[in-house]
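A note on names: the letters A, B, ... follow the listed sequences, proteins ahead of strands, and every chain is numbered from 1.
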Amino acid sequence: MIAGRDSEPTTTGGHAYVPRSFFDRPVLDVAPDLLGRILVRTTPGSRMQLRITEVEAYAGEADPGSHAYRGKTARNASMFGPPGHAYVYFIYGMWWSLNLVCGPEGQASGVLLRGGEVIQGEEEARQRRPKARRDTELAKGPARLATALAVDRTLNGADLCTRDETAPLSLLAGQPGPSTAIRSGPRTGVGGDGAHHPWRFWLDGDPTVSPYRPHKPRHRKPGLDATQVTT
DNA sequence: CGTGTGATTAACT
DNA sequence: GTTAATCACACGT
């Protein structure tokens with residue numbers, strides 16, 4: 001392996017990982033290409049593998065559904081960094097979500113990992129997700145996926161394309177194409193101007209794909225009515 | 001639980 | 001008059 005080149009797969013511990021050029025493409029090319037691929041999660045105590053079955057593309061500052069829509073902030077800064085890194089955010093005061101930053105750099109685009117099949121490390125996943133009734137539920141949904149893989153803010157900005165053997169996240173190279181058809185549709189919970197884009201991608205019929213939840217229009221919480229003010 | 005947002009207040013020229 | 005700092009709150013790709 002030639003140091004300094006990223007056109008060749010990187011190798012760590014005998015496994016080949018996708019090079020940064022995999023992520024340095026338009027997000028709508030990368031997102032469906034992630035389906036069926038193996039995400040490797042390495043912790044000090046374990047090595048897990050997840051077969052990705054469901055993703056959503058977020059197309060940067062031009063996409064009303066994206067965290068990057070209103071420009072760079074402290075939270076979304078990693079989306080504005082180079083491709084091949086993780087963007088991890090906290091949501092609902094409870095859960096983490098894992099995104100993979102795509103190129104080209106400066107567009108702040110990323111792919112949200114929404115579902116997958118745990119194919120290695122089921123024990124660890126089950127310890128973290130004791131309520132999962134079936135193995136297909138271990139990483140079915142973005143928050144479940146993050147929980148199963150022990151994703152938290154310490155992974156925000158993590159580089160998937162490093163040769164470091166202790167790299168927390170990587171993506172296996174040389175995977176065969178998806179065994180089932182790729183389907184696409186509107187993104188879960190995205191409304192407004194970004195609602196109609198079919199930027200959610202999943203493997204048809206896979207039991208680890210989360211159920212589609214249409215965008216729920218939010219209405220403003222009613223303020224105090226004058227008639228309610230009695231004294 | 002954090003974040004972004006709009007409203008409100010303060011600071012400054 | 002304009003901009004910056006502060007506050008409160010709705011809502012969560």
Side-chain angles (χ1 to χ4, degrees), chain A residues 23 25-35 39 52-81 83-103 105-116 128 139-158 160 169 183-202 208-226 228-229:
Chain A
F23 296 102
R25 293 181 288 154
V27 66
L28 291 179
D29 293 342
V30 178
D33 202 1
L34 283 167
L35 295 175
L39 182 74
I52 298 168
T53 60
E54 181 192 358
V55 300
E56 277 177 3
Y58 288 88
E61 292 179 272
D63 176 6
S66 170
H67 281 175
Y69 182 53
R70 296 169 200 281
K72 187 177 180 179
T73 68
R75 174 167 72 149
N76 65 21
S78 55
M79 279 188 95
F80 287 79
H85 290 245
Y87 166 47
V88 176
Y89 66 90
F90 192 54
I91 191 148
Y92 300 158
M94 288 173 270
W95 299 315
W96 298 96
S97 290
L98 173 62
N99 299 251
L100 305 183
V101 178
C102 297
E105 187 170 357
Q107 291 201 357
S109 57
V111 179
L112 170 65
L113 303 186
R114 294 191 50 90
R128 298 177 189 126
K140 183 181 192 164
R144 291 167 167 182
L145 187 154
T147 301
L149 295 182
V151 170
D152 62 20
R153 66 157 29 106
T154 64
L155 265 64
N156 188 31
L160 280 81
L169 284 175
R183 309 240 1 237
S184 66
R187 293 174 294 183
T188 297
V190 172
D193 294 336
H196 67 280
H197 299 300
W199 290 350
R200 172 176 175 252
F201 302 92
W202 67 95
T208 65
V209 173
S210 67
Y212 174 67
R213 180 176 54 81
H215 173 66
K216 184 179 180 182
R218 308 277 168 178
H219 60 279
R220 283 196 162 277
K221 187 178 181 180
L224 258 191
D225 188 283
Q228 294 176 272
V229 181

Rounded to whole Å, CG of N156(A) lies from C1' of dG2(B) at a distance of 14 Å
Applying salt bridge (Lys or Arg N to Asp or Glu O under 4.0 Å) to R25(A) and not counting sequence neighbours gives D33(A)
Contacts of Y69(A) meeting ring pair (Phe, Tyr, Trp, His ring centres under 6.0 Å) (sequence neighbours excluded), chain-then-number -> none
*Side-chain heavy-atom pair M79(A), S66(A) within 4.5 angstrom cut-off*: yes
The nucleotide from dC1(B), dG4(B), dG12(C) with an atom nearest the side chain of Y92(A) is dG12(C)
With a cut-off of less than 4.0 Å, is there a side-chain N or O of T73(A) near OP1 or OP2 of dT3(B)?
no
Rounded to whole Å, the NE2-P distance (H215(A) to dC11(C)) equals 11 Å
With sequence neighbours left out, the residues meeting salt bridge (Lys or Arg N to Asp or Glu O under 4.0 Å) with E54(A) are R114(A), R200(A)
- prompt: Are any side-chain N or O atoms of N76(A) and backbone N or O atoms of H67(A), one a donor and one an acceptor, separated by less than 3.5 Å?
  reply: yes
So the stems of DNA chain C, runs of at least three Watson-Crick or G-U pairs (under 3.5 Å), are B:1-12 with C:1-12
In whole angstroms, the gap separating P of dG12(C) from CZ of R114(A) amounts to 14 Å
So F90(A) and W96(A), would you call those rings parallel, tilted or perpendicular, with 30° and 60° as cut-offs? tilted
Kindly assign one of parallel, tilted or perpendicular to the pair H197(A) and W199(A), based on the angle between their ring planes and the thresholds 30° and 60°. parallel
Between CZ of R153(A) and C1' of dT3(B) the distance, given in whole Å, is 11 Å
Separation of dG4(B) atom P from N76(A) atom CG, nearest Å, is 7 Å
**Request:** Would you classify R75(A) as touching base, sugar-phosphate or nothing, given that sugar-phosphate means primed atoms plus P, OP1 and OP2, and contacts are heavy atoms under 4.0 Å?
**Result:** sugar-phosphate
The ring pair (Phe, Tyr, Trp, His ring centres under 6.0 Å) partners of W202(A) (sequence neighbours excluded) come to none
Are any of the side-chain heavy atoms of V111(A) and L34(A) separated by less than 4.5 Å? yes
W95(A) atom CH2 is separated from dC11(C) atom C1', nearest whole Å, by 14 Å
| query | Contact class for S97(A) vs. all strands (heavy atom < 4.0 Å): base, sugar-phosphate, or nothing? | reply | nothing
Y69(A) OH to dT3(B) C1', in whole Å, measures 18 Å
In whole angstroms, the gap separating P of dG2(B) from CH2 of W96(A) amounts to 8 Å
In numerical order, the residues of residues 53-65 of chain A whose heavy atoms come under 4.0 Å of DNA chain C are Y58(A), G65(A)
